[in-house]
Amino acid sequence: ELFRRLDEQQTVNNAELDFFTKSGEVRHCLVSYEHISLGAQACLLWMVADITLRKETEQALQRNTALIKLLQEVSAAANEAEDVESALQFAIERVCEFTRWEVGHVYLLARSEKPQFISSVWHTQDVEKYAAFRALSDQIRFSENEPGLAYKAYLTESPAWTDQVSRDLHPARAELAGRVGVKTAY
């Protein structure tokens with residue numbers, strides 16, 4: 001594109017172009033140039049400014065703004081919801097949309113002598129693709145005797161994430177997750 005512009009235009013000011021370094025890293029740049037003459041010699045005067053940091057900062061700001069909007073929407077919906085499940089359904093749909101996750105599942109902790117995780121709150125972009133995974137997950141009642149990411153989060157009282165689904169999910173879910181393409185869990 002740069003060379004096409006060179007042929008077509010005498011002057012270009014602040015064109016945003018991406019360049020690749022030898023290592024394959026992308027650098028975002030502002031490029032300005034002008035055809036000039038020095039005596040009888042035709043020359044090209046260039047100015048290139050690396051704006052990669054500015055672009056990354058803009059993207060981070062946009063993501064943070066979107067995250068704040070998500071939190072505001074979920075908070076408002078939670079305050080207006082008729083019940084907990086409606087609030088959680090709204091939340092999981094918005095979180096999956098924000099993160100571009102195809103499937104999301106909310107766990108609720110059942111209050112009893114021993115902790116049990118139950119849930120019927122789901123978001124799936126492709127209902128048919130995840131139907132068996134969802135049905136199996138809804139049948140399983142997690143407890144302290146059964147391994148899994150949900151129980152790990154309960155024990156540590158903090159979010160848990162894995163990219164080792166076959167190792168960290170409940171064994172029955174892990175096998176099916178692999179078949180439908182679930183690679184990470186949070």
Check: By side chain to side chain contact (heavy atoms under 4.5 Å, CB included), which residues pair with Ser75, not counting sequence neighbours?
Finding: none

Margin query: Can you see whether Thr124 engages Glu102 through a side-chain donor-acceptor pair at a distance of less than 3.5 angstrom?
Written below: no

With a cut-off of 3.5 Å and sequence neighbours excluded, list every side-chain donor-acceptor pair involving residues 63-73.
| from | atom 1 | to | atom 2 | distance (Å) |
| --- | --- | --- | --- | --- |
| Asn64 | ND2 | Ala60 | O | 3.4 |
| Thr65 | OG1 | Leu61 | O | 2.8 |

Notebook entry, point to check: What distance do Cys29 atom SG and Leu17 atom CG have between them, rounded to the nearest 0.5 Å?
Noted result: 8.0 Å

Next item on the list: Please find out if less than 6.0 Å separates the ring center of Tyr33 from that of Trp46.
Entry: yes

Check: Which heavy-atom pair separates Phe133 from Arg173 by the least distance, and what is that distance?
Finding: CZ-NH2, 3.3 Å

Next item on the list: Could you pull out the closest heavy-atom pair between Glu85 and Ser120, with the gap in Å?
Entry: OE2-OG, 3.1 Å

Next item on the list: Could you identify which residues cluster with Ile51, counting Ile, Leu, Val, Met, Phe, Trp and Tyr as linked when any side-chain heavy atoms lie under 4.5 Å apart, either directly or through a chain of such contacts?
Entry: Leu30

Check: Do other residues, nucleotides or ligands put more than 12 heavy atoms under 6.0 Å from the NZ atom of Lys129?
Finding: yes

Side-chain atoms of residues 86-96: list all donor-acceptor pairs with protein atoms under 3.5 Å, sequence neighbours left out, distances to 0.1 Å.
| from | atom 1 | to | atom 2 | distance (Å) |
| --- | --- | --- | --- | --- |
| Ser86 | OG | Asp83 | OD1 | 2.7 |
| Gln89 | NE2 | Glu93 | OE2 | 3.0 |
| Gln89 | NE2 | Trp122 | O | 2.7 |

Item checked: Backbone N/O of Gly39 and side chain of Ser37: donor-acceptor pair under 3.5 Å -> no

Next item on the list: Working to the nearest 0.5 Å, report the span between OG1 of Thr162 and OH of Tyr186.
Entry: 13.0 Å

Checklist line | Trp101 with Val103, same ILVMFWY side-chain cluster at under 4.5 Å | finding: no

Check: Does Arg179 CZ have over 12 foreign heavy atoms under 6.0 Å away?
Finding: yes

Item checked: CG-CD distance between Asp126 and Glu128, expressed to the nearest 0.5 angstrom -> 6.5 Å

Item checked: CD1-CG distance between Ile36 and Leu45, expressed to the nearest 0.5 angstrom -> 5.0 Å

Note to self: Restricting to non-hydrogen atoms, name the atom on Val165 and the atom on Ala174 that form the minimum distance, rounded to 0.1 Å.
What the structure shows: O-CB, 3.4 Å

Checklist line | Pairs involving residues 28-56, ordered by first then second residue, that meet salt bridge (Lys or Arg N to Asp or Glu O under 4.0 Å) (sequence neighbours left out) | finding: Glu16-Arg54, Glu16-Lys55, Arg27-Asp50, Arg54-Glu58

Checklist line | Check: Asn14 main-chain N/O paired with Ser32 side-chain donor or acceptor under 3.5 Å | finding: yes

Checklist line | Gap separating the CZ atom of Arg100 from the CD atom of Gln125, nearest 0.5 angstrom | finding: 10.5 Å

Check: What distance separates Tyr130 OH from Ser137 OG, expressed to the nearest 0.5 Å?
Finding: 12.0 Å

Margin query: Suppose we screen for side-chain hydrogen bond (donor to acceptor under 3.5 Å, both in side chains). Which residues come up paired with His28, at least two apart in sequence or across chains?
Written below: Asp18

Next item on the list: Fit a plane to each ring of His105 and Tyr107, take the angle between them on a 0 to 90° scale, and name the class: parallel (under 30°), tilted (30 to 60°) or perpendicular (over 60°).
Entry: tilted

